[in-house]
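Report on the structure given below.
The residues of the chain are indexed from 1 along the displayed sequence. Keep in mind that this is a model prediction, so the values were computed, not measured.
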Amino acid sequence: MAKTGSKFSKMNGILFAIFFTIIYFIIGTIGIIFVDFFYFSNREWIFLLITLPIMFYIAYRFIYRSMEQIEILTDQQLKLTIYKSVFDQMNEGLVITNAKEEIIKVNPSFTVMTGYREDEVIGKTPAILSSGLHSREFYDNMKKELRENGRWQGEIINQRKNGQFYPEQLSISEIRNLKGEITHYIGVFTDMTHQRKAEGKIEFLTHYDTHTKLPKYNLFMKHLHNYIIENEANSNHQFSLFIVDTAKLKALNAAYGYKVGDELLQTLAIRLQNRYKGLLMGRLNSKEFAILNPHLYEKEAILKEAEDLIREIELPFYREGEEFFLSATIGIGIFPEHGATADELYKNATLAKTAAKEVGSKYQLFGNELLSNVRRKILLEKHLNRAIEMNELELYYQPQIDIQKNHFIGLEVLLRWNHTKLGMISPDEFIPIAEETNLIIEIGEWVLEQVCLQIKKWEKTGIVIPKIAVNLSPKQFQHPEFLTKTQQIIQRTNICPSFLEFEITENMSFFEGDSVIDTMNGLKELGIKISVDDFGKGYSNLSYLQQLPIDSIKIDRSFISHIPDNKQNTALTKAIIAMAHELELTVVAEGVEKEEQIEFLHKHHCNIAQGYYYSKPLSTEDIITFLKKANGNCQIVY
């Protein structure tokens, strides 16, 4: 097709030249006749004027177009220069062959990667790079795909000039002319040597912990699975799985930085590896280790080993002259009693660890009682999701009494769960589940709305309660929409906010955030009172009492229950009351059950008391009966 096009262009050029010559002859003849017929002088000038347009046309047609062609050729030359620069500077190796697969051009990267100079490979085929590691079938399939698709891409092992094998990612493409005939092949390849080395490192980082060099979770579980299969095939011996959950790392990282924490974990890993030489171990996450022990499967021996292991973990760690300490909680499962598969055994050992934390133990062996407790927890969690929908949550109210005046001054609302099948469920059992699952936020909003609706209902019947104290979960209080939700509930129920008091459990870290203080100030602006609950139970810091906009503190029942017999509790209670009064705070004592406790609290000017001495928590109906007997500042109209 290229030759046909060339002939066509040449033919057009000859025809144009003949045509132009004839036209020029005719115009010239007419010009000469015209000059001869009309004019007898200045014939040369007249002829010049007549031929001037012809010369203009020639100049435009050939000279100008020639300049255009020169510009096109210049642009093409520039592009070729750019392409050559790309060709020379590209990081990928490039080789061009003719249709016979003879190399006609390579770029500098080809030389760098293969070690061959251009003059050493020109005229030869790419087979000069063959490593001999691929079969004839491999190359036949390559050529077949190249013929069918005009392109082949894949990974191949080739050989450098110095004999070194190397992996390369290769792409081969055909180049065809206008007739569809193959004229050239272009091969582009990348040396994969460094990538393969990096992938080896990535493989290690994927499956092994950087600091301890122990298998990570996925690899450990794979080893555990394989061990169980081999164990069953051979002798089906029992063995134990220890899940060791280290503690105190978060505090150490915060105080000294992650470098110290990582070094302590490295040291701990060395201790464990020295103790359990040759045993399968793993680092499952940032603070958990796993140990497979084929020598321990009897319960007494396992529990003794757990106790010894805890003791070793708690030995001091020395770094730059300083002592550091770690602690741990251990969950243990026995194969196959506590799990016949890797996943089941790990799950139950982890459940044992969680149960140990919940009961305050340092180690726990999985068992039927533990399983029963776990199943009950799962059941309660499942049903708690629908407790509001099923109208199973109930509010109870415990009266609060002004000790000095013996007057009723308010109520504390307490949440109860009366399950339709399981019966009454203790708050100590379901509140922690609500906290873990974040259901406490939804439940807390429900409680607040129900309290506000009850206040409004009592108001309509002529009963005015001075205040109702509502317990708040830290999660609920710290929720970004808590203040807005509270305002919406108050507006929706149309109650006076001064009837409400929010009780917040004492927790130092909880009070440190600026957002918490901002929320408190927002509540105070609404007119809601704020009380710190369980005061003295946590790590009390008197300084924050001066900074927070609180109205009262509640002394934890653990102090009150031992008054006046326990001298230490008595002294602490007296100190708390005196301190609170100096800060102009109201003091509430909860858990009051005995007359001598009331006498002590009255003597030392405690303001308010609540407990079984006055009344147990009462239902909405029963509280009306109590109010009829109440004597104090609230007005009761019937």
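- Residue pairs meeting the side chain to side chain donor-acceptor pair (under 3.5 Å) criterion with at least one partner in residues 434-456, sequence neighbours excluded, are K377-E436, E435-S473, N438-K475, E449-R492.
- Taking CG from L422 and CZ from F430, the interatomic distance works out to 13.0 Å, rounded to the nearest 0.5 Å.
- Smallest separation of non-hydrogen atoms from I330 and A356: O-CB, 4.4 Å.
- Here the side chains of I425 and R376 are in contact, with some heavy-atom distance below 4.5 Å.
- More than 12 non-hydrogen atoms from other residues, nucleotides or ligands lie less than 6.0 angstrom from NE2 of H604.
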Pairs under 3.5 angstrom only: tabulate donor-acceptor contacts from the side chains of residues 591-600 to other protein residues two or more places apart or in another chain.
unit_1	atom_1	unit_2	atom_2	d
Q597	OE1	E593	N	2.8
Q597	OE1	K594	N	3.1
Q597	NE2	I560	O	3.1

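- Residues L526 and L500 form no side-chain contact, since every pair of their non-hydrogen atoms from C-beta on lies 4.5 Å or further apart.
- Classification of D308 and R311 as a salt-bridged pair holds, one side-chain N sitting under 4.0 Å from a carboxylate O.
- Using a 4.5 Å heavy-atom cutoff, the side chains of R283 and F289 are in contact.
- Ring-centre distance between H581 and H605: not below the 6.0 Å cut-off.
- Aromatic ring orientation, F366 versus H338: perpendicular (interplanar angle above 60°, classes split at 30° and 60°).
- Residues P617 and Y396 share a closest heavy-atom pair of O-CD2, 3.7 Å.
- Using a 4.5 Å heavy-atom cutoff, the side chains of T620 and W458 are in contact.
- The NE2 atom of H383 sits 8.0 Å away from atom OG1 of T420, with the distance rounded to the nearest 0.5 Å.
- For the pair F535 and I553, the tightest heavy-atom approach, listed with the atom from each and the gap, is CD2-CD1, 4.1 Å.
- Summarising the geometry of E503 relative to A469, their closest heavy-atom pair is OE2-CB, 3.3 Å, with the distance given to 0.1 Å.
- For the 3.5 Å distance criterion, the side chains of S552 and S531 qualify, holding a donor opposite an acceptor.
- Within a 6.0 Å sphere centred on CD of E584, other residues, nucleotides and ligands contribute 12 heavy atoms or fewer.
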